[in-house]
Peer 1: 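This is the structure, below, for whatever I ask next.
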Amino acid sequence: MSLSNNLSKILIIDFGSQFTQLITRRIREFGVFSEIISHKKIKTSQVNKENISGIILSGGPLNVYENDKFKFDKKILKLGIPVLGICFGHQILSKELGGRVKQSKHREFGLATINKVRNSKLTKNFFNKNNTNDVWMSHADQVSKMPKNFKVIGSSKNSKLTIIENVKDNFYGVQFHPEVTHTNKGKILLHNFVFLICKIRKNWSSKDQKLELIREIKKQVGSNKVICGLSGGVDSSVVAQLLNKAIGKNLTCIFVNNGLLRKNEETQVVNTFKKKLKINLIYVNAEKEFIKKLTNVSDPEKKRKIIGNLFIKIFERYAKKIKNVKFLAQGTLYPDLIESRSVTGSQTSKIKSHHNVGGLPKRMKLELVEPLKFLFKDEVRKLGLELNLSKDIISRHPFPGPGLAIRIPGIITNEKIKILKEADYYFIKALRDHGLYHKIWQAYAALLPVKTVGVMGDNRTYEHICLLRAITSEDGMTADFYNFPKGFMQSISNEIINNIRGINRVVYDVTSKPPSTIELE
Ligand code: XMP
């Protein structure tokens, strides 16, 4: 997505941090346009000074002295644009301006308390009344000597130069991550940088985003035909509506029933999109094809690749039937990308291949249209409202492309799918009945690949374990488990065991992300 070149913006130079997109997002939340560019791609000579009000150097997994592993053109610091360095960005800024960076004696990962040393525009209203604040650190190196004309604004016990500034040249550096929610009042610090230091005006909203994305789609696809993989979830629904607005009848949506959907999902989707929204929709029942390909496959990455490939094959098959289709539109989001590969080409480590990204075949006949690939879930939801989608669609919990396959660790069988569909149905229904559905970001049931002994009606049983997962989150990048009242846990456990043959034990997953991920595979 190359967004409007005329807008004033905050430019973020990405050095491969998992959190780079969060910085952009925070800034867009302030109503200010911001764009990311990889350190590998930025050319100072091509930077248009006029519309860049500030530059942020992101964190990253690098060491500032490993010059061969990254690119940094010092000239960017001579443009007279305010610069904020975060973590690695703080270190590279310090080093390039004549300071020094060394390995920390005490590495800091997680929460650290910092103390105020002096006042600064950057930290206005950031410190608590007792002049301390809790911030989130993740670094092994630290700035050991400041460049000339810099002053210390805040220190932690293990890193004295945690916040530094050179007011005259508008350079600022912070060792911690103000963009993550774990840093108390991190948004205030970023807000100060954007408005008090960069002095940019608000210029960005969901409405602007909608118009810009529609313009981009028109530009990319022209008068060609597009098929859109519709799952009925919020992402693909928003993509379908965007495309509908951009190209109208040149769009055909394809809904593939891969046999790994939630109970009754296919009927609901067809009813909503074909009957209510009158979208041009083809329903494909490919249950048997998917299950056959997944026979005896237990490796999570293999499952994801098989499913991703088969989806594409089916889309291509139908594209041929429709004729002259050149593009495939998908609801890929930024977290899908960042956890499969880096969007900007900087180095982040691969966690899993989200099916609409890493699962794509190397040679694909259709070109991709992925208008949401720079957005987070909550931004997509706002966009959905802007596109007049119903609240019911917009507030649905996310459901992964590979569906129940990644909620059945180990080998998948028809019997397991049948049991899991029922368990998931009871769990989600109970959440709705207890008014909990909308308090939870995502919830599901999974079937573990072990059987345990139970006793029912005086008889021994030897059946599956059902795992329940319910999390709260802002964007799926980090998550906490939801703390259910004991009564709810008791009643759902009873309901599942009493109603579903094949499960005799229910467990609740109480891990957060990180260290776990939301899905099991
Ligand atoms: P993880 O398990 O990576 O999940 O913490 C983060 C969010 O992404 C969803 N997810 C997927 N969505 N295709 C998708 O469209 C996928 O392959 C995929 N894998 C995970 C997951 O449900 C959660 O909301």
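Residues: numbered from 1 along the sequence shown. Everything quoted here is computed from the prediction, not taken from an experiment. Whatever order the structure lists ligands and atoms in, that order sets their numbers, starting from 1.
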Peer 1: Is there any side-chain hydrogen bond (donor to acceptor under 3.5 Å, both in side chains) pair reaching into residues 388-401, and which pairs are they, with sequence neighbours excluded?
Peer 2: E265-R396

Peer 1: Between E474 and R26, does any NZ, NE, NH1 or NH2 come within less than 4.0 Å of an OD or OE carboxylate oxygen?
Peer 2: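 A salt bridge links R26 with E474.
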
Peer 1: Is any NZ, NE, NH1 or NH2 atom of the basic residue among K513 and D480 found under 4.0 Å from an Asp or Glu carboxylate oxygen of the other?
Peer 2: no

Peer 1: Could you say whether the N/O atoms of E519 and ligand 1 ever approach to under 3.5 Å?
Peer 2: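 Yes, at least one N or O pair falls under 3.5 Å.
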
Peer 1: Using 4.0 Å as the upper bound for N to carboxylate O, is an ion pair formed by E386 and R381?
Peer 2: no

Peer 1: At under 4.0 Å between heavy atoms, is it the side chain or the backbone of P400 that contacts ligand 1, or both, or neither?
Peer 2: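 Both backbone and side chain.
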
Peer 1: Side chains of S205 and D208: any donor to acceptor distance under 3.5 Å?
Peer 2: yes

Peer 1: By number and element, which atoms of ligand 1 are closer than 4.0 Å to a non-hydrogen atom of R304?
Peer 2: 16 (C), 17 (O), 18 (C), 19 (N), 20 (C)

Peer 1: Going by the atom numbers of ligand 1, which of them fall below 4.0 Å from some non-hydrogen atom of T517?
Peer 2: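 Near T517, the atoms of ligand 1 are 1 (P), 2 (O), 5 (O).
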
Peer 1: If you measure every N or O of K513 against every N or O of ligand 1, does any of those distances drop under 3.5 Å?
Peer 2: yes

Peer 1: Which of the numbered atoms in ligand 1 are under 4.0 angstrom from any heavy atom belonging to W441?
Peer 2: 24 (O)

Peer 1: Give the atoms of ligand 1, by number and element, whose distance to some non-hydrogen atom of P402 is under 4.0 Å.
Peer 2: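 Matching atoms, with element in brackets: 13 (N), 16 (C), 17 (O).
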
Peer 1: Which donor-acceptor pairs under 3.5 Å do the side chains of residues 482-499 make with protein atoms, sequence neighbours left out?
Peer 2:
{"residue": "S491", "atom": "OG", "partner": "F488", "partner atom": "O", "Å": "3.3"}
{"residue": "N498", "atom": "ND2", "partner": "N494", "partner atom": "O", "Å": "3.3"}
{"residue": "N499", "atom": "ND2", "partner": "E495", "partner atom": "O", "Å": "2.8"}

Peer 1: Counting heavy atoms only, which of S236, G401, G403, P514 is nearest atom 14 (C) of ligand 1?
Peer 2: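 Nearest option to atom 14 (C) of ligand 1, by heavy atoms: G401.
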
Peer 1: Check ligand 1 against P398 and write out every atom of the ligand that is under 4.0 Å from a heavy-atom position of the residue.
Peer 2: 24 (O)

